[in-house]
Amino acid sequence: MKTKKQKAFLILKISSAILLLCLVLLFAFRNTILNKIIHRVDTKLNRDYQCHFTVEKAEFHGLTNLEFQHICLVPKEADTLVRIDELKTSVNFWKLLVGDIQLGKLEINKGFIQLVKTKNGSNYEAFLRSKKEKADNTEVNYAKLLNRISARMLNLVPTDLSVKGFAFKIDDKGNKVVFDFNQLALADKKLNTVIQVTSNNFSQQWTLNGFADPRDRKADLEFYNATNDTIKIPYLDKKWNLKTGFKSIHFNLENLEMDSGELHIDGYSSIQNLFVNHAKIANKDVAIKNARFDYHWIVGARSIALDSTSTLHLNSIKCQPFISYTNETDKVYALKLKIPKMKAQDFITSLPTGLFRHFEGMEAQGNFEYDLNFEYNNHKPNNVIFESKLKPEGLKITKYGEADLNKINGEFTYRAIENGVPQRPIVVGSSNNNFTPLSQISPYLQKCVLTSEDPSFFSHRGFINEAFKQSIAKNIRTKKFSRGASTISMQLIKNVFLTREKTLSRKLEEILLVYILENNHISTKERMLEVYFNIIEWGPNIYGIGEASQFYFQKSPKDLNLNECLFLATIIPKPKGFMYRFDTEQHLKLFAAQQNTFLTKLMLRRNVLTENDTIGNFPLTITGTAQSYLKQKSFNIFEKDSTDTDEFEF
């Protein structure tokens with residue numbers, strides 16, 4: 001009778017024999033199996049993507065080395081997508097046994113990948129179509145999913161790589177770019193790459209060198225121009241009118257591993273002499289001399305976060321960002337940003353050139369620190385958290401740049417900009433007969449405009465946090481910019497000191513200039529409101545309340561009654577379209593009358609008006625030059641307003 005030890009030994013011998021037999025069979029029929037796999041791949045690509053996949057020659061050399069000749073992937077009735085003349089590779093045998101592919105070496109000689117788009121379609125669009133999959137109610141574990149994807153991708157990066165005569169081509173309706181890999185080699189964990197880039201406009205040689213270890217998940221790479229010149233990014237300029245480039249980029253991946261069910265990703269990236277030019281950003285090049293991002297990402301089962309230990313350096317500015325997304329019972333988005341105490345002058349000189357042109361030449365004293373806290377819960381949209389705190393310490397502007405905020409306190413000339421064209425000059429001061437001091441403007445008009453445009457103007461410091469919160473919540477819900485949160489202070493800065501460009505640059509400058517204006521007490525609230533009333537557009541080519549009261553009612557601003565003031569306040573958002581508020585009998589249409597009634601009740605509720613103010617109110621009658629506009633049958637010339645204001649919602 002056999003002992004347990006003998007039985008175990010016998011089972012081991014049988015298993016070894018079976019494994020050996022399988023290996024022998026695998027070795028004997030490996031080329032047949034390989035060609036069957038290629039045939040199945042061709043069948044699948046033909047069925048799912050209408051592409052024909054061919055390999056002229058495919059064979060094993062030994063058990064782990066493979067050689068392919070003339071690989072082609074050709075979409076139906078389209079240009080060839082992939083062609084490789086010769087490809088040699090090796091795979092990890094033991095990984096292959098458990099269904100994973102891990103490349104040991106890879107050699108590619110001659111070939112290309114090309115993306116071609118014409119007016120009739122493209123040779124890659126079939127691969128972009130989403131495929132309907134069966135609904136899977138199982139919650140995805142973000143950490144495990146990302147770890148699995150990264151592992152598979154890095155396993156496909158060979159430890160020994162040599163690519164010669166291979167090109168990546170783009171032809172987007174004549175917008176052509178060719179990335180020709182003159183040299184791409186990875187050996188002993190050292191990557192050396194030389195890429196010849198040719199587009200319709202220029203030709204450059206790029207270099208990517210450094211340390212790369214795909215098995216240990218580490219890398220330290222530098223990307224630069226071989227001739228020490230600025231790298232220009234092709235294709236984007238013609239595709240999206242985006243011109244961009246840089247001197248060099250450094251990328252470091254120090255850690256990518258699972259720890260206690262979380263995936264940790266650590267490293268840093270830096271860029272030198274970055275420039276960007278796009279009409280939506282600024283009207284000239286935006287340049288950053290030095291920027292560096294030290295990151296620590298933590299991916300959990302249902303969350304993704306940029307840890308607060310991460311830092312972002314922008315020249316001399318140091319930020320500590322925290323970003324998180326949690327998808328459990330609710331979807332919660334959070335953003336925190338902290339700028340530790342720094343010198344105000346260092347902040348000004350570190351701003352990207354071209355993005356804050358009105359700050360160029362500005363000088364300041366003192367220090368400041370800044371904290372931003374934002375959180376949004378998709379199931380509690382009205383409970384959005386938005387806290388913005390700037391803590392100044394002896395902060396004082398000693399010299400202004402292009403935007404001299406002190407000019408608001410004296411007489412100056414204002415010119416509205418419409419479609420990029422300066423309009424007639426308006427003198428804001430006593431030398432203009434239409435200029436109206438605040439004391440000579442009807443109190444009703446002041447109350448109506450403040451209630452509709454900025455109820456807390458006299459108490460806030462340029463911004464209304466609650467309005468920002470409501471604006472953010474609505475914009476996220478509607479997935480578009482459907483509501484702003486502009487105060488009178490912001491409208492004043494935008495119209496007096498800035499252009500009407502719809503750019504990121506202008507909006508950022510507006511925010512910073514409003515803070516300086518309001519928190520450095522450069523002007524009184526009364527003077528700011530006085531200027532506002534005397535520069536905004538109240539109708540077609542009608543600027544200031546002095547012109548407006550005559551244009552509509554043949555009155556001075558101090559004599560306007562409540563109904564007239566209600567009308568003037570409600571047309572501020574779209575002054576050129578005032579005539580559309582009237583019917584053919586020159587009476588207010590129902591929607592306009594309802595707006596006036598709503599505004600009146602709101603002021604009564606807030607004790608801005610009393611019941612006595614509404615007694616003896618005469619019907620609204622247009623008696624001035626504006627009456628001729630009401631009689632016209634076509635108003636096609638009144639399309640856009642020159643004063644960009646945001647209507648305040650009650």
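All figures in this text were calculated on a predicted structure; none of them were measured in a lab. Keep in mind that the numbers below use all heavy atoms, side chains included, and drop hydrogens, waters and symmetry copies.
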**Prompt:** Is the backbone of Ser150 close enough, under 3.5 Å, to the side chain of Arg217 for a donor and an acceptor to pair up by distance?
**Reply:** no
Donor-acceptor check, side chain of Arg461 to backbone of Asn519, threshold 3.5 angstrom: yes or no?
no
Backbone of Glu222 reached by a side-chain donor or acceptor of Asn209 within 3.5 Å: no
Is any side-chain heavy atom of Thr244 closer than 4.5 Å to a side-chain heavy atom of Leu274? yes
Salt bridge (Lys or Arg N to Asp or Glu O under 4.0 Å) pairs touching residues 280-291, sequence neighbours excluded, are none
query: Going by atom types alone, do Asn252 and Asp220 pair a side-chain donor with an acceptor below 3.5 Å?
result: yes
- request: State, without any angle test, whether Asn225 and Thr227 hold a side-chain donor-acceptor pair at a distance under 3.5 Å.
  value: yes
Looking only at side chains, do Ser324 and Tyr333 share a donor and an acceptor under 3.5 Å apart?
no
Q | Aromatic ring proximity Tyr376/Phe386, centre distance under 6.0 Å | A | no
When Lys239, Lys238, Lys117 are each screened for side-chain hydrogen bond (donor to acceptor under 3.5 Å, both in side chains) with Asp172, the one that passes is Lys239
Looking at Lys318, I want to see if its NZ is surrounded by more than 12 non-hydrogen atoms of other residues, nucleotides or ligands under 6.0 Å. no
| query | Which is it for Ile265 and Asn255 under the side-chain contact (heavy atoms from CB on, under 4.5 Å) test, yes or no, and what are the steps along the way? | reply | CA-CA 5 Å; Ile265 309 171; Asn255 178 52; over 6 Å; no
With sequence neighbours left out, the residues meeting ring pair (Phe, Tyr, Trp, His ring centres under 6.0 Å) with His358 are none
**Study point:** Donor-acceptor pair, side chain of Asn141 and main chain of Ala143, under 3.5 angstrom
**Key:** yes
Next on the checklist: Check Asp213 with Lys189, please: is the shortest side-chain N to carboxylate O separation under 4.0 Å?
Outcome noted: yes
Distance-only, no hydrogens or angles: does the Ser456 side chain make a donor-acceptor pair with backbone N or O of Ser459 under 3.5 Å?
no
Just by distance, no angles: are the side chains of Ser203 and Gln196 close enough, under 3.5 Å, to form a donor-acceptor pair?
yes
The complete set of salt bridge (Lys or Arg N to Asp or Glu O under 4.0 Å) pairs with one or both residues in residues 332-345, sequence neighbours excluded, reads Lys338-Glu369, Lys338-Asp371, Lys341-Glu393
Residues passing the ring pair (Phe, Tyr, Trp, His ring centres under 6.0 Å) test with Phe251, sequence neighbours excluded, are none
Under 3.5 Å, side-chain donor or acceptor atoms of residues 522-531 against the rest of the protein: list the pairs with distances, not counting sequence neighbours.
from: Ser523; atom 1: OG; to: Asn409; atom 2: OD1; distance (Å): 3.0
from: Thr524; atom 1: OG1; to: Arg527; atom 2: N; distance (Å): 3.1
from: Lys525; atom 1: NZ; to: Phe457; atom 2: O; distance (Å): 2.6
from: Lys525; atom 1: NZ; to: His460; atom 2: O; distance (Å): 2.9
from: Lys525; atom 1: NZ; to: Glu518; atom 2: OE1; distance (Å): 3.2
from: Lys525; atom 1: NZ; to: Glu518; atom 2: OE2; distance (Å): 2.7
from: Arg527; atom 1: NE; to: Ile408; atom 2: O; distance (Å): 2.8
from: Arg527; atom 1: NH1; to: Glu530; atom 2: OE1; distance (Å): 2.7
from: Arg527; atom 1: NH2; to: Ile408; atom 2: O; distance (Å): 3.1
from: Arg527; atom 1: NH2; to: Gly410; atom 2: O; distance (Å): 3.1
from: Glu530; atom 1: OE2; to: Leu438; atom 2: N; distance (Å): 2.8

Sorted by chain and number, sequence neighbours left out, salt bridge (charged side-chain N to carboxylate O under 4.0 Å, His left out) with Asp330 holds for none
| query | Is a side-chain N or O of Ser388 found less than 3.5 angstrom from the main chain of Leu372, in a donor-acceptor match? | reply | no
For Tyr124, the ring pair (Phe, Tyr, Trp, His ring centres under 6.0 Å) test, sequence neighbours excluded, returns none
For Tyr268, the ring pair (Phe, Tyr, Trp, His ring centres under 6.0 Å) test, sequence neighbours excluded, returns His250
Residues pairing under salt bridge (Lys or Arg N to Asp or Glu O under 4.0 Å) where one sits in residues 298-307, two or more places apart or in two chains, turn out to be Glu139-Arg302
Original post:
Does a side chain donor of either Gln320 or Thr311 reach within less than 3.5 Å of an acceptor in the other side chain?
Top reply: no
Salt bridge (Lys or Arg N to Asp or Glu O under 4.0 Å) pairs touching residues 255-264, sequence neighbours excluded, are none
Check this for me, if you would: do Asp294 and Arg292 make a salt bridge, where the nitrogen-to-carboxylate-oxygen distance has to be below 4.0 angstrom? yes
Hits for side-chain contact (heavy atoms from CB on, under 4.5 Å) against Ala344, two or more places apart or cross-chain, chain-then-number order -> Ala364, Phe368, Leu395
Has Gln204 got a side-chain atom pairing as donor or acceptor with Thr230's backbone, closer than 3.5 angstrom?
yes
>> Can a donor-acceptor pair be found, under 3.5 Å and without considering hydrogens, that links the side chain of Asn175 to the backbone of Tyr235?
In response: yes
Should Leu256 and Leu263 be marked as a side-chain contact (heavy atoms from CB on, under 4.5 Å) after you check the CA-CA gap, both sets of side-chain angles, and the distance that decides it?
CA-CA 7 Å; Leu256 176 60; Leu263 181 64; 4.0 Å; yes
Side-chain atoms of residues 180-188: list all donor-acceptor pairs with protein atoms under 3.5 Å, sequence neighbours left out, distances to 0.1 Å.
none

Ignoring hydrogens and geometry, is there a side-chain-to-backbone donor-acceptor pair from Ser316 to Ser350 under 3.5 Å? no
Separation between CD1 (Ile231) and CD1 (Ile271), nearest 0.5 Å, reads 9.0 Å
Between Leu242 and the options Asn277, Asp237, Val276, the side-chain contact (heavy atoms from CB on, under 4.5 Å) test singles out Val276
#### Entry: Polar side chain donor-acceptor pair, Glu453 to Gln491, under 3.5 angstrom
yes
- Message: Assess the residue pair Leu191 and Phe211 against the criterion (side-chain contact (heavy atoms from CB on, under 4.5 Å)); give the C-alpha distance rounded to whole Å, side-chain angles, the decisive distance to 0.1 Å, and a yes or no.
- Response: CA-CA 6 Å; Leu191 180 67; Phe211 167 82; over 6 Å; no
Please answer whether the main-chain N or O of Tyr295 pairs with a side-chain N or O of Ser310 as donor and acceptor at a distance below 3.5 Å. no
* Is any side-chain heavy atom of Phe497 closer than 4.5 Å to a side-chain heavy atom of Val514? -> no
